[in-house]
Visitor: 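The following block contains the structure, expressed as structure tokens.
Just follow the structure's listing: the first ligand is 1, and inside any ligand the first atom is 1. Along the sequence shown, residues carry numbers from 1.
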Amino acid sequence: MSSVAHKPLLATVLGQRQERPPMWIMRQAGRYLPEYRETRGKAGGFLELCYNPDFAVEVTLQPLRRFDLDAAILFSDILVIPDALGQSVRFAAGEGPILEPLDPKGVEALEKGGALTHLAPVLEAVRRLRAALPPEKTLIGFCGAPWTVATYMLGGRGSSDQWVARKFALEHPEAFDKLMDILVETSIDYLAAQFEAGADVVQLFESWALNLDDTSFARNVMEPNRRIVEGLRKRIPNAPVIGFPRGAAGNIMRYTEATGVNAVGIDFATPLDFVRNTLPKTLPVQGNLDPLRLVVGGDAMESQVHRILEAFSDRPHIFNLGHGIVPETPIAHVERLIELVKRS
Ligand code: CP3
């Protein structure tokens, strides 16, 4: 791993605290950037953007041309997996993703075999990114964790309480387990292929790790994430993984121990002193500025940035938001944020 020394963000994931925290921004390529909106317009649809390596590479690199960030994150979406499994997925402007919800028969009908072929253009984008990026930049690959992806596959769209998916898991345990198996296996293949194409680290986006009792948290979140990490490392020894169990609250430590992720993403609702008092000093953490503070800027942003830097100063820390950047974010505020973190 001789390249590690040149990549501060990867080194931090691997447990080496840096003099100042490296940083990236969740959803750093996106609608707050005019150049993204322009490329998105040329691509036509959102999935067309994801499956065209020229466009995907272009939008991945756009934030790095503007900002002094330590990582590029592959431009894609967590919902390319259901699409690759043959489920109908579309992105309607202003509405977010819309899928044809699965019933137990629909789970049986998923087409596992061709998923990686379908995702070949995404892997081609990873190869080109590896070649295009300077050696000190970490290339982050990702997929959605199975439960989060399943909430969209079963509910058909985003929802604040994941009611449909939670009900399905309890009412149709066999079909649910089958769906988790398919997502675990496909995710392992997909992430292993991302590493082979040149990713340095991957992030598991478990964006809906909330609203689950402890039994369901273990079954829906911990066990599938654990199986992915284990299966991935059989193929890619020591594969570096960041887990982001958003909303996991008191379950963060259990999640981290059970899954074996190298680093854990902390959402913005998690108290800083909870992290300090509960998570071991050796565990790399990523986060956790509220994206709304970046929208508002000024003291609302700056005071909290200082609190976060201070709270995590004695452990490996990757500075990030506690969830994705939103389209309303002024670019000047992003510039200021980076200046604050880089000057710390
Ligand atoms: O971080 C990056 O820059 C990489 C690209 C990326 C996107 N989505 C691009 C995107 C990543 C890592 C994601 C992850 C993702 N996608 C998650 C997990 C992270 C999270 O925010 O919780 C989830 C739940 C999704 C599913 C998804 N995709 C939703 C709910 C939406 C609609 C809401 C929204 O923000 O528009 C998308 C669309 C999407 N994915 C956009 C982008 C840039 C906007 C689509 C557009 O350009 O019209």
Visitor: Using heavy atoms and a cut-off under 4.0 Å, could you grab the residues that are in contact with ligand 1, chain by chain, numbers ascending?
Guide: Arg27, Gln28, Ala29, Arg31, Tyr36, Arg40, Phe46, Ile73, Leu74, Phe75, Ser76, Asp77, Ile78, Phe91, Gly96, Pro97, Phe142, Tyr152, Phe205, Ser207, His323
Visitor: Could you report the tightest heavy-atom contact between Asn220 and Glu206, atom names first, then the distance?
Guide: O-OE2, 4.2 Å
Visitor: Mind checking whether His172 and Phe168 have ring centres under 6.0 Å apart?
Guide: yes
Visitor: I'd like to know if Asp70 pairs up with Lys137 as an ion pair, taking the criterion as any Lys NZ or Arg NE/NH1/NH2 lying under 4.0 Å from an Asp or Glu carboxylate oxygen.
Guide: no
Visitor: Taking the six-membered ring where the residue is Trp, are the ring centres of Tyr36 and Phe75 under 6.0 Å apart?
Guide: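 Yes, ring centres under 6.0 Å apart.
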Visitor: Between Asn320 and Met26, is there a donor-acceptor pair closer than 3.5 Å when you use the side chain of the first and the backbone of the second?
Guide: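 Judged by distance alone, yes, a pair lies under 3.5 Å.
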Visitor: Taking the side chain as every heavy atom from C-beta outward, state whether Val295 and Ile325 have any atom pair closer than 4.5 Å.
Guide: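 No, their side chains stay 4.5 Å or more apart.
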